[in-house]
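Below is one structure, written out as structure tokens; comments come after it.
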Amino acid sequence: MADREKKGLIARWLEGKERDEEYARSTLPTSRWALFWDIMKGRFGKLFLVNLLMLVTLLPMFAIIVMRTLFIYSQGMSGPFGSGLGVGYPIVPDVTGVAQAAVLNVDLLWFALLIPASFIAAIGLSGGMYIIRNLIWTEGVFVANDFVRGIKRNYFNVLEALLIFTLVLFLARITGDLADYLVAIGAPASGWLVASKVVGYILVALMIPICMWMLSLGVNYKQGPWSLFRNAVIMTVGTFPQTVVFAALSLWPFFLLLFTGTSIMILFIIAIFVMIILGCSYAFLVWFDYSQWAFDKFVNPNMGYAVGRGLYNKDKSKNEASSMAVSPVDSEAMREYRRMIVAQGRSKLVCRPIKPIDDGEEIYQLPDSFSRDDLRRLKESKQSIEDNAKAYEEEHKNDERYVEYNKQFDERERAIREEEAGEKKKKKKQVKPPKMLNKTK
């Protein structure tokens, strides 16, 4: 082997490691942690853009929370809590429970508004989560196209999770406010009232990981509403310690923004800055990366889906086979790309052995004045080269790389044919007569 040319520091710095044979293998992510940092470093611009798209649709929810806080402050400033001290008007003889009743009335309005606001939030979250899932699968991402595709595919699954969470949050908050009011006015069984408040908050805390699992399952698999909720509960209970840890790691920007408020101004400013730059994208990147690990461990092997999507497999043959396989959960863009590859046919340079041209054989060159014997020698030289090429192809046709390529291409072609046949069959089953325009549902 020839010695490598020794280059200077500047040349090595300009060229980098791309010419190193171990460069590609050493830099590809082989674990979920490595994949997370690889996406953070290499796709930061896309994460920032996706975060803005999701943040825009979350603005109504944030606005409701801010308006609710301002209403409570205004009630505290204008309420009759100073009666009898010379600053309250009109004079209210007894202000017991007035503050608790004011909070209850405010929360009845603003927490109820969170439920319709979830319809808007589901638009951005469904599109953004689809893009982040594709980033974790290391697929090509076109933000605008994939955002719209994600809305079409995942909107109702995301909406179901948001509706469940906002409804539980509304009921728990109203139950807690009502308990505070009844305790303040001296209602009997105050201990049970406090217990109901605690149970409501525990239920909200449990619904956070359940709804996050609903988001992960809804984006990755096709499921009905009840199956989605049931499987989310199973995943939460089955992986409870890990789920709690990664839910906290992913949602800390939201907690920092909601619970610091203006009491600690520096933390509040940091929380706003983090949310604008990367808050939503970071949260779903961490959660989806963790959920993919859980799916690879508990779900995908049993369902026959590809395992280790987005990770480089050190076993080269398995890595190539997984890259050629057609999974039922592939993105539409990747499936279209594979259809195009199959339509173009096998590569003649890859599917069969080709004899090297530097083996010393040459075609007989005709002289300026040639005879019939020269033509015969030219024909024999061409025939010899052709026979040697066929002999070489026959000798090496069972080499591993050619057999593996043809096997993978056959599997891909068969999978696409089955998929197209299934789509045609599904379309035939779904054919319905058109509804009359003068009829309504």
Side-chain angles (χ1 to χ4, degrees), residues 27-44 46-47 50-51 54 125-141 146 149-150 153-154 157-158 161 208-223 227-228 231-251 278 280-315 318-319 321-323 325-335:
T27 56
L28 288 173
T30 57
S31 66
R32 291 295 170 189
W33 289 106
L35 178 62
F36 168 78
W37 290 114
D38 185 71
I39 295 174
M40 287 288 290
K41 293 183 295 182
R43 302 296 185 93
F44 188 86
K46 291 186 183 297
L47 291 176
V50 172
N51 183 72
M54 290 190 287
L125 295 184
S126 57
M129 288 189 298
Y130 180 74
I131 294 175
I132 292 176
R133 188 211 68 176
N134 288 348
L135 289 176
I136 291 176
W137 285 2
T138 61
E139 294 186 355
V141 170
D146 288 340
R149 186 178 293 115
R153 295 184 56 171
N154 306 314
N157 291 334
V158 174
I208 292 176
I210 290 175
C211 290
M212 293 186 71
W213 273 117
M214 290 179 68
L215 296 176
S216 296
L217 290 165
V219 173
N220 284 274
Y221 307 102
K222 292 182 180 180
Q223 299 177 88
S227 298
L228 187 62
N231 292 333
V233 174
I234 293 174
M235 293 298 296
T236 302
V237 175
T239 61
F240 189 75
Q242 301 95 323
T243 293
V244 171
V245 171
F246 282 96
L249 287 176
S250 60
L251 295 178
L278 208 64
C280 298
S281 295
Y282 162 82
F284 289 115
L285 179 61
V286 172
W287 180 255
F288 279 11
D289 198 18
Y290 159 68
S291 62
Q292 286 296 322
W293 168 83
F295 294 152
D296 287 343
K297 187 173 182 180
F298 302 109
V299 180
N300 292 335
N302 298 329
M303 299 182 66
Y305 290 160
V307 176
R309 296 291 297 270
L311 300 180
Y312 176 75
N313 195 328
K314 294 181 180 179
D315 188 342
K318 292 183 180 180
N319 191 60
S322 62
S323 65
V326 178
S327 171
V329 293
D330 279 339
S331 69
E332 189 64 28
M334 182 57 68
R335 294 165 81 166

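- Rounding to the nearest 0.5 Å gives a distance of 10.0 Å between CH2 of W37 and CG of L285.
- Contact detail for M214 and L228: the closest heavy-atom pair is O-CD1, 3.5 Å.
- Considering CZ of R43 and OG1 of T138, their distance stands at 8.0 Å, rounded to 0.5 Å.
- Residues passing the side chain to side chain donor-acceptor pair (under 3.5 Å) test with Q223, sequence neighbours excluded: N231.
- Remark: the Q292 side chain and the N220 side chain contain an N/O donor-acceptor pair separated by less than 3.5 Å.
- Applying the side chain to side chain contact (heavy atoms under 4.5 Å, CB included) criterion to V233, with sequence neighbours excluded, gives I210, F229, V237.
- Using a 4.5 Å heavy-atom threshold, the side chains of L215 and V219 count as separate.
- D146 places no side-chain N or O within donor-acceptor distance of the main-chain N or O of I131, the cut-off being under 3.5 Å.
- No hydrogens or angles considered: nothing links the side chains of Y221 and N157 as a donor-acceptor pair under 3.5 Å.
- Distance CG/L47 to CE/M40: 6.5 Å, rounded to 0.5 Å.
- Under the 3.5 Å distance criterion, the side-chain polar atoms of S31 are matched with a main-chain donor or acceptor of A34.
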> Given the rule in the side-chain contact (heavy atoms from CB on, under 4.5 Å) test, do F36 and Y282 qualify, once you have shown the distances and angles that lead to the verdict?
Replying inline: CA-CA 10 Å; F36 168 78; Y282 162 82; 4.0 Å; yes
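- One distance of note links CH2 of W137 with CG of L35; it measures 13.0 Å at 0.5 Å rounding.
- The structure places CG of L125 at 7.0 Å from SG of C280, a figure rounded to the nearest 0.5 Å.
- The closest donor-acceptor contact from the side chain of S126 to the backbone of N154 lies at 3.5 Å or more, if one exists at all.
- Within a 6.0 Å sphere centred on CZ of F298, heavy atoms belonging to other residues, nucleotides or ligands number more than 12.
- The salt bridge (Lys or Arg N to Asp or Glu O under 4.0 Å) pairs that include a residue from residues 236-245 number zero, where partners must be two or more places apart or lie in different chains.
- Among all heavy-atom pairs drawn from S291 and S216, the shortest one is OG-OG, 3.4 Å.
- Applying the salt bridge (Lys or Arg N to Asp or Glu O under 4.0 Å) definition to pairs two or more places apart or across chains, those involving residues 280-294 are R32-D289.
- A pairwise comparison of heavy atoms in T243 and P209 identifies CG2-CB, 3.5 Å as the closest pair.
- For Y290, the ring-ring contact (aromatic ring centres under 6.0 Å, His included) partners at least two apart in sequence or on another chain are W213, F246, W287, W293.
- Side-chain atoms of N51 come within 3.5 Å of backbone N or O of S281 as a donor-acceptor pair.
- Checked by atom type and distance alone, the side chain of N300 never pairs as donor or acceptor with a backbone atom of V307 at under 3.5 Å.
- Atom-to-atom distance recorded for M54:CE and M129:CE is 8.0 Å, nearest 0.5 angstrom.
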